[in-house]
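Taking it in order: structure first as C-alpha coordinates, then the write-up.
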Amino acid sequence: MQPDNNGGGPLTPSLVFEMLQAHQRTAALKAAIDLDVFRAVGEGPGDVASIARHCAASERGIRILCDFLTIYGVLAKDGRCYRHTPTSAAFLDPRSPSSLASIAQFLGNPALREPFDHLAEIVRTGRTVLPGDGSVEPENPIWVQFAETMGPMMAPMAGPLGEVVLKDHTGPMRVLDIAAGHGLFGIEIAKQNPQAHITGLDWAPVLRVAQDNARKAGVHERYDILPGSAFEVDFAGPYDAVLLTNFLHHFDQPTCVGLLKKVRGALRPGGRAATLEFVPNEDRISPPVPAAFSMTMLTSTASGDAYTLSELTTMYHEAGLKGVTSHPIPMSPHTIVMGLQA
(Lines give C-alpha, C1' and ligand atoms only; values in the text may rest on other atoms or scores of the structure.)
Protein backbone atom coordinates (compact mmCIF):
# COMPACT_ATOMS: atom_id res chain seq x y z
CA MET A 1 0.00 0.00 0.00
CA GLN A 2 1.19 3.51 -0.77
CA PRO A 3 1.83 5.83 2.19
CA ASP A 4 -0.51 8.75 2.79
CA ASN A 5 0.71 12.02 1.28
CA ASN A 6 0.90 13.48 4.78
CA GLY A 7 2.88 10.55 6.12
CA GLY A 8 -0.06 9.51 8.31
CA GLY A 9 -0.48 5.90 7.22
CA PRO A 10 -1.77 3.95 4.23
CA LEU A 11 -3.41 5.86 1.41
CA THR A 12 -7.21 5.45 1.43
CA PRO A 13 -10.10 7.05 -0.49
CA SER A 14 -11.91 7.96 2.76
CA LEU A 15 -11.61 11.71 2.15
CA VAL A 16 -13.26 11.31 -1.25
CA PHE A 17 -16.18 9.37 0.23
CA GLU A 18 -16.55 11.83 3.12
CA MET A 19 -16.78 14.80 0.79
CA LEU A 20 -19.19 13.11 -1.60
CA GLN A 21 -21.53 12.23 1.28
CA ALA A 22 -21.12 15.37 3.38
CA HIS A 23 -24.55 16.58 2.26
CA GLN A 24 -26.07 13.81 4.42
CA ARG A 25 -24.69 15.44 7.57
CA THR A 26 -26.12 18.82 6.61
CA ALA A 27 -29.53 17.33 5.85
CA ALA A 28 -29.57 15.30 9.07
CA LEU A 29 -28.75 18.30 11.25
CA LYS A 30 -31.31 20.50 9.49
CA ALA A 31 -33.99 17.78 9.80
CA ALA A 32 -33.28 17.31 13.51
CA ILE A 33 -33.62 21.06 14.08
CA ASP A 34 -36.83 21.24 12.04
CA LEU A 35 -38.32 18.28 13.93
CA ASP A 36 -37.32 19.72 17.34
CA VAL A 37 -35.26 16.62 18.16
CA PHE A 38 -32.79 18.50 20.35
CA ARG A 39 -35.49 19.90 22.63
CA ALA A 40 -36.94 16.40 22.98
CA VAL A 41 -33.55 14.94 23.87
CA GLY A 42 -32.92 17.69 26.41
CA GLU A 43 -36.28 17.24 28.10
CA GLY A 44 -35.76 13.46 28.31
CA PRO A 45 -36.05 10.61 28.87
CA GLY A 46 -34.38 10.27 25.45
CA ASP A 47 -35.81 6.95 24.26
CA VAL A 48 -36.95 6.60 20.66
CA ALA A 49 -40.66 6.41 21.51
CA SER A 50 -40.72 9.64 23.54
CA ILE A 51 -38.66 11.56 20.99
CA ALA A 52 -40.91 10.30 18.17
CA ARG A 53 -44.03 11.42 20.05
CA HIS A 54 -42.59 14.87 20.69
CA CYS A 55 -41.55 15.27 17.04
CA ALA A 56 -44.71 13.70 15.56
CA ALA A 57 -42.42 11.38 13.61
CA SER A 58 -42.00 7.66 13.02
CA GLU A 59 -39.98 5.65 15.52
CA ARG A 60 -37.96 4.11 12.68
CA GLY A 61 -37.10 7.52 11.30
CA ILE A 62 -36.15 8.93 14.71
CA ARG A 63 -33.98 5.93 15.55
CA ILE A 64 -32.03 6.14 12.32
CA LEU A 65 -31.69 9.94 12.49
CA CYS A 66 -30.51 9.94 16.11
CA ASP A 67 -28.09 7.08 15.47
CA PHE A 68 -26.67 9.03 12.53
CA LEU A 69 -26.25 12.13 14.70
CA THR A 70 -24.56 9.99 17.34
CA ILE A 71 -22.15 8.48 14.81
CA TYR A 72 -20.94 11.99 13.94
CA GLY A 73 -20.72 13.15 17.54
CA VAL A 74 -23.72 15.47 17.65
CA LEU A 75 -25.61 13.30 20.17
CA ALA A 76 -24.49 10.60 22.61
CA LYS A 77 -26.20 7.24 23.27
CA ASP A 78 -26.51 5.22 26.45
CA GLY A 79 -28.11 1.88 25.75
CA ARG A 80 -31.33 2.75 23.94
CA CYS A 81 -31.51 6.36 25.07
CA TYR A 82 -29.97 9.45 23.53
CA ARG A 83 -28.56 12.39 25.43
CA HIS A 84 -26.92 15.69 24.65
CA THR A 85 -23.25 16.17 24.09
CA PRO A 86 -21.88 19.45 25.53
CA THR A 87 -22.06 20.92 22.01
CA SER A 88 -25.67 19.97 21.32
CA ALA A 89 -26.76 21.07 24.80
CA ALA A 90 -25.22 24.51 24.35
CA PHE A 91 -25.82 25.24 20.68
CA LEU A 92 -28.70 23.07 19.42
CA ASP A 93 -31.21 22.72 22.24
CA PRO A 94 -33.57 25.70 21.74
CA ARG A 95 -33.91 26.00 25.52
CA SER A 96 -30.26 27.05 25.76
CA PRO A 97 -29.53 30.81 25.79
CA SER A 98 -26.62 30.13 23.40
CA SER A 99 -28.69 28.06 20.96
CA LEU A 100 -27.83 28.52 17.29
CA ALA A 101 -30.72 26.40 16.00
CA SER A 102 -32.41 29.32 14.25
CA ILE A 103 -29.48 29.86 11.89
CA ALA A 104 -30.36 26.63 10.07
CA GLN A 105 -33.23 28.47 8.42
CA PHE A 106 -31.01 31.01 6.69
CA LEU A 107 -28.03 28.74 6.03
CA GLY A 108 -30.42 26.11 4.65
CA ASN A 109 -32.31 28.57 2.45
CA PRO A 110 -32.72 27.11 -1.07
CA ALA A 111 -31.36 30.35 -2.56
CA LEU A 112 -28.03 29.63 -0.87
CA ARG A 113 -28.08 25.83 -1.10
CA GLU A 114 -29.32 25.06 -4.62
CA PRO A 115 -26.54 26.88 -6.54
CA PHE A 116 -24.17 24.16 -5.30
CA ASP A 117 -26.04 21.72 -7.56
CA HIS A 118 -24.66 23.80 -10.44
CA LEU A 119 -21.18 24.40 -9.11
CA ALA A 120 -19.36 23.21 -12.24
CA GLU A 121 -21.29 25.78 -14.30
CA ILE A 122 -20.58 28.47 -11.71
CA VAL A 123 -16.86 27.69 -11.79
CA ARG A 124 -16.89 27.90 -15.62
CA THR A 125 -18.61 31.30 -15.64
CA GLY A 126 -17.12 32.70 -12.42
CA ARG A 127 -20.47 33.87 -11.04
CA THR A 128 -23.63 32.60 -9.39
CA VAL A 129 -26.49 31.02 -11.33
CA LEU A 130 -28.92 33.04 -9.21
CA PRO A 131 -30.68 35.77 -11.21
CA GLY A 132 -29.42 39.33 -11.34
CA ASP A 133 -26.86 40.17 -8.69
CA GLY A 134 -27.57 36.97 -6.78
CA SER A 135 -28.00 37.27 -3.03
CA VAL A 136 -27.57 41.05 -3.19
CA GLU A 137 -30.29 41.59 -5.77
CA PRO A 138 -32.33 44.60 -4.55
CA GLU A 139 -35.01 43.80 -1.95
CA ASN A 140 -33.97 40.13 -1.83
CA PRO A 141 -36.22 38.54 0.84
CA ILE A 142 -33.45 36.29 2.15
CA TRP A 143 -32.09 39.25 4.12
CA VAL A 144 -35.29 39.48 6.15
CA GLN A 145 -34.75 35.84 7.09
CA PHE A 146 -31.11 36.62 7.83
CA ALA A 147 -32.12 39.42 10.18
CA GLU A 148 -34.72 37.25 11.90
CA THR A 149 -32.62 34.11 12.38
CA MET A 150 -28.88 34.87 12.35
CA GLY A 151 -28.72 37.04 15.46
CA PRO A 152 -27.49 34.18 17.70
CA MET A 153 -24.49 33.67 15.40
CA MET A 154 -23.64 37.36 15.08
CA ALA A 155 -24.34 38.54 18.64
CA PRO A 156 -20.99 37.32 20.07
CA MET A 157 -19.20 39.55 17.56
CA ALA A 158 -21.13 42.70 18.53
CA GLY A 159 -19.41 43.30 21.86
CA PRO A 160 -15.83 43.13 20.53
CA LEU A 161 -16.73 45.33 17.54
CA GLY A 162 -18.29 47.91 19.82
CA GLU A 163 -15.18 47.99 22.00
CA VAL A 164 -12.89 48.52 19.00
CA VAL A 165 -15.04 51.26 17.49
CA LEU A 166 -15.52 53.07 20.81
CA LYS A 167 -11.93 52.83 22.07
CA ASP A 168 -10.80 56.27 23.27
CA HIS A 169 -14.12 57.75 22.14
CA THR A 170 -16.75 58.88 24.65
CA GLY A 171 -19.58 61.34 24.64
CA PRO A 172 -22.11 62.15 21.92
CA MET A 173 -21.55 60.47 18.58
CA ARG A 174 -23.38 59.53 15.40
CA VAL A 175 -22.97 56.05 13.92
CA LEU A 176 -24.14 54.77 10.54
CA ASP A 177 -24.69 51.00 10.39
CA ILE A 178 -24.63 49.96 6.71
CA ALA A 179 -26.42 46.70 5.85
CA ALA A 180 -27.68 46.76 9.43
CA GLY A 181 -29.71 43.55 9.12
CA HIS A 182 -30.70 42.52 12.65
CA GLY A 183 -29.17 45.79 13.88
CA LEU A 184 -27.19 44.13 16.68
CA PHE A 185 -23.90 45.88 15.91
CA GLY A 186 -25.27 49.39 16.03
CA ILE A 187 -27.45 48.47 19.00
CA GLU A 188 -24.40 47.23 20.89
CA ILE A 189 -22.63 50.56 20.35
CA ALA A 190 -25.74 52.35 21.64
CA LYS A 191 -25.65 50.08 24.73
CA GLN A 192 -21.95 50.68 25.36
CA ASN A 193 -22.23 54.44 24.81
CA PRO A 194 -25.48 55.95 26.15
CA GLN A 195 -24.83 59.11 24.09
CA ALA A 196 -24.45 57.29 20.75
CA HIS A 197 -27.15 57.82 18.13
CA ILE A 198 -27.44 55.04 15.53
CA THR A 199 -28.78 55.13 11.98
CA GLY A 200 -29.47 51.71 10.47
CA LEU A 201 -29.30 51.45 6.68
CA ASP A 202 -30.85 48.49 4.85
CA TRP A 203 -33.92 47.51 2.87
CA ALA A 204 -37.10 48.65 4.63
CA PRO A 205 -38.47 45.15 5.45
CA VAL A 206 -35.12 44.24 7.01
CA LEU A 207 -35.00 47.40 9.10
CA ARG A 208 -38.28 46.46 10.75
CA VAL A 209 -36.40 43.58 12.39
CA ALA A 210 -33.61 45.93 13.49
CA GLN A 211 -36.15 48.35 14.98
CA ASP A 212 -37.78 45.52 16.94
CA ASN A 213 -34.38 44.53 18.30
CA ALA A 214 -33.62 48.14 19.23
CA ARG A 215 -36.89 48.29 21.18
CA LYS A 216 -36.07 45.04 22.98
CA ALA A 217 -32.64 46.46 23.89
CA GLY A 218 -34.16 49.70 25.15
CA VAL A 219 -32.25 51.93 22.71
CA HIS A 220 -35.04 52.59 20.18
CA GLU A 221 -35.15 56.31 21.00
CA ARG A 222 -31.57 56.57 19.72
CA TYR A 223 -32.08 54.31 16.69
CA ASP A 224 -33.17 55.81 13.36
CA ILE A 225 -33.52 54.07 10.01
CA LEU A 226 -32.40 54.91 6.48
CA PRO A 227 -34.15 52.57 4.02
CA GLY A 228 -32.60 51.76 0.66
CA SER A 229 -29.39 50.75 -1.07
CA ALA A 230 -26.04 51.77 0.40
CA PHE A 231 -24.95 52.62 -3.14
CA GLU A 232 -27.87 54.96 -3.81
CA VAL A 233 -29.14 56.70 -0.67
CA ASP A 234 -27.66 59.89 0.72
CA PHE A 235 -25.83 58.98 3.94
CA ALA A 236 -26.55 62.45 5.34
CA GLY A 237 -23.50 62.60 7.60
CA PRO A 238 -21.23 63.55 9.09
CA TYR A 239 -20.75 60.49 11.29
CA ASP A 240 -18.21 59.64 13.93
CA ALA A 241 -18.21 56.00 12.84
CA VAL A 242 -19.55 53.93 9.95
CA LEU A 243 -20.03 50.17 10.26
CA LEU A 244 -19.89 47.80 7.27
CA THR A 245 -20.48 44.40 8.83
CA ASN A 246 -20.34 41.34 6.57
CA PHE A 247 -20.99 43.51 3.52
CA LEU A 248 -17.89 44.19 1.43
CA HIS A 249 -17.40 40.51 0.62
CA HIS A 250 -20.48 40.57 -1.62
CA PHE A 251 -18.81 42.79 -4.22
CA ASP A 252 -15.68 43.08 -6.35
CA GLN A 253 -12.82 45.32 -5.28
CA PRO A 254 -13.64 48.38 -7.47
CA THR A 255 -17.21 48.37 -6.12
CA CYS A 256 -15.90 48.14 -2.55
CA VAL A 257 -13.51 51.05 -3.14
CA GLY A 258 -16.36 53.16 -4.53
CA LEU A 259 -18.49 52.46 -1.47
CA LEU A 260 -15.59 53.17 0.90
CA LYS A 261 -15.05 56.52 -0.82
CA LYS A 262 -18.70 57.33 -0.13
CA VAL A 263 -18.18 56.25 3.48
CA ARG A 264 -15.10 58.46 3.80
CA GLY A 265 -17.13 61.42 2.53
CA ALA A 266 -19.72 60.81 5.25
CA LEU A 267 -17.20 60.71 8.12
CA ARG A 268 -16.04 63.57 10.30
CA PRO A 269 -12.28 64.21 10.34
CA GLY A 270 -10.84 61.43 12.48
CA GLY A 271 -13.99 59.35 12.01
CA ARG A 272 -13.78 55.56 11.86
CA ALA A 273 -14.85 53.07 9.19
CA ALA A 274 -15.09 49.57 10.66
CA THR A 275 -15.74 46.42 8.69
CA LEU A 276 -16.39 42.94 10.05
CA GLU A 277 -15.19 40.32 7.59
CA PHE A 278 -14.04 36.77 7.02
CA VAL A 279 -10.36 37.53 6.41
CA PRO A 280 -8.21 34.64 5.14
CA ASN A 281 -4.45 34.61 5.37
CA GLU A 282 -2.45 35.64 2.32
CA ASP A 283 -2.23 31.99 1.21
CA ARG A 284 -6.05 32.05 0.85
CA ILE A 285 -6.33 28.52 2.28
CA SER A 286 -6.08 29.27 5.99
CA PRO A 287 -7.65 29.56 8.49
CA PRO A 288 -10.21 27.11 7.07
CA VAL A 289 -13.47 28.95 7.81
CA PRO A 290 -12.52 32.43 6.53
CA ALA A 291 -10.72 30.93 3.55
CA ALA A 292 -13.59 28.63 2.60
CA PHE A 293 -16.06 31.53 2.74
CA SER A 294 -14.96 32.54 -0.75
CA MET A 295 -16.90 29.50 -2.03
CA THR A 296 -20.09 30.92 -0.53
CA MET A 297 -19.46 34.15 -2.39
CA LEU A 298 -18.72 32.32 -5.65
CA THR A 299 -22.04 30.48 -5.51
CA SER A 300 -24.25 33.34 -4.29
CA THR A 301 -22.89 36.54 -5.85
CA ALA A 302 -21.78 37.92 -9.19
CA SER A 303 -18.33 39.03 -8.04
CA GLY A 304 -17.90 38.72 -4.26
CA ASP A 305 -14.96 37.14 -2.45
CA ALA A 306 -13.30 36.66 0.95
CA TYR A 307 -10.60 39.34 0.97
CA THR A 308 -7.21 39.15 2.62
CA LEU A 309 -6.02 41.87 4.96
CA SER A 310 -3.66 43.24 2.30
CA GLU A 311 -6.56 43.47 -0.17
CA LEU A 312 -8.81 45.22 2.36
CA THR A 313 -5.99 47.58 3.33
CA THR A 314 -5.44 48.48 -0.32
CA MET A 315 -9.16 49.18 -0.74
CA TYR A 316 -9.15 51.46 2.31
CA HIS A 317 -6.11 53.35 1.07
CA GLU A 318 -7.54 53.76 -2.44
CA ALA A 319 -10.66 55.21 -0.84
CA GLY A 320 -8.56 57.72 1.12
CA LEU A 321 -8.88 56.06 4.52
CA LYS A 322 -5.69 55.87 6.59
CA GLY A 323 -4.32 54.17 9.69
CA VAL A 324 -5.77 50.75 8.83
CA THR A 325 -5.69 48.28 11.72
CA SER A 326 -6.96 44.73 12.07
CA HIS A 327 -8.52 43.19 15.17
CA PRO A 328 -9.18 39.42 14.99
CA ILE A 329 -12.03 38.39 17.29
CA PRO A 330 -10.88 35.54 19.56
CA MET A 331 -12.58 32.16 19.00
CA SER A 332 -14.28 33.52 15.89
CA PRO A 333 -13.65 33.42 12.13
CA HIS A 334 -14.22 37.18 11.94
CA THR A 335 -11.78 40.10 11.90
CA ILE A 336 -12.57 43.78 12.45
CA VAL A 337 -10.72 46.04 10.01
CA MET A 338 -10.77 49.75 10.78
CA GLY A 339 -9.58 52.81 8.93
CA LEU A 340 -9.68 56.53 9.70
CA GLN A 341 -10.83 59.61 7.88
CA ALA A 342 -7.62 61.64 7.53
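We count residues from 1, following the sequence as given.
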Can you tell if the side chain of [X] reaches within under 4.5 Å of the side chain of [Y], non-hydrogen atoms only?
{"X": "Val279", "Y": "Pro290", "answer": "no"}
{"X": "Glu137", "Y": "Pro131", "answer": "no"}
{"X": "Leu107", "Y": "Thr149", "answer": "no"}
{"X": "Arg95", "Y": "Arg39", "answer": "yes"}
{"X": "Thr199", "Y": "Tyr239", "answer": "yes"}
{"X": "Leu248", "Y": "Leu259", "answer": "yes"}
{"X": "Val37", "Y": "Ile62", "answer": "yes"}
{"X": "Val41", "Y": "Ser88", "answer": "no"}

hydrophobic_cluster_shared for [Y] and [X], side chain cutoff 4.5 Å:
{"X": "Leu161", "Y": "Leu176", "answer": "no"}
{"X": "Leu65", "Y": "Leu75", "answer": "yes"}
{"X": "Met295", "Y": "Ile122", "answer": "yes"}
{"X": "Met338", "Y": "Tyr316", "answer": "no"}
{"X": "Met150", "Y": "Leu100", "answer": "yes"}

In Å, rounded to the nearest 0.5 Å, how long is the span from NE2 of His197 to CG of Asp224?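 It is 3.5 Å, given to the nearest 0.5 Å.
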How about Glu282: does its CD atom have over 12 heavy atoms from other parts shown lying under 6.0 Å from it?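 For Glu282, atom CD is crowded (more than 12 foreign heavy atoms under 6.0 Å).
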Parallel, tilted or perpendicular for His182 and Phe146, by the 30°/60° rule?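 Parallel, since the angle between the ring planes stays under 30°.
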Show, in sequence, the C-alpha distance, side-chain angles and deciding distance for Phe278 and His334, and conclude whether the ring-ring contact (aromatic ring centres under 6.0 Å, His included) test is met. CA-CA 5 Å; Phe278 295 94; His334 284 86; 4.3 Å; yes
For Gly108, is there any backbone N or O sitting under 3.5 Å from a side-chain donor or acceptor partner on Arg113?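 Indeed, once roles are kept as given, a pair shorter than 3.5 Å links the two residues.
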Give a yes or no on whether a salt bridge exists between [X] and [Y], defined as a side-chain N under 4.0 angstrom from a carboxylate O.
{"X": "Asp78", "Y": "Arg83", "value": "yes"}
{"X": "Glu311", "Y": "Arg284", "value": "yes"}
{"X": "Arg174", "Y": "Asp240", "value": "no"}
{"X": "Asp34", "Y": "Lys30", "value": "yes"}

Residues Val175, Val242; criterion side-chain contact (heavy atoms from CB on, under 4.5 Å); working and verdict: CA-CA 6 Å; Val175 178; Val242 175; over 6 Å; no
With side-chain contact (heavy atoms from CB on, under 4.5 Å) as the criterion, how do Ile198 and Ile187 come out once you've worked through the C-alpha distance, each side chain's angles and the decisive distance to 0.1 Å? CA-CA 7 Å; Ile198 315 300; Ile187 289 168; over 6 Å; no
In sequence, state the C-alpha distance, the side-chain angles, and the governing distance for Phe231 and Phe251, and then conclude on ring-ring contact (aromatic ring centres under 6.0 Å, His included). CA-CA 12 Å; Phe231 299 97; Phe251 310 100; 5.0 Å; yes
Could you walk me through whether Ile51 and Val48 pass the side-chain contact (heavy atoms from CB on, under 4.5 Å) check? CA-CA 5 Å; Ile51 297 172; Val48 168; 6.0 Å; no
Tell me the closest heavy-atom pair linking Thr85 and Gly73, and the distance in Å.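 That closest heavy-atom pairing would be CG2-O, 3.6 Å.
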What's the verdict on side-chain hydrogen bond (donor to acceptor under 3.5 Å, both in side chains) for Asp67 and Thr70, showing C-alpha distance, side-chain angles and the deciding distance? CA-CA 5 Å; Asp67 280 347; Thr70 302; 5.1 Å; no
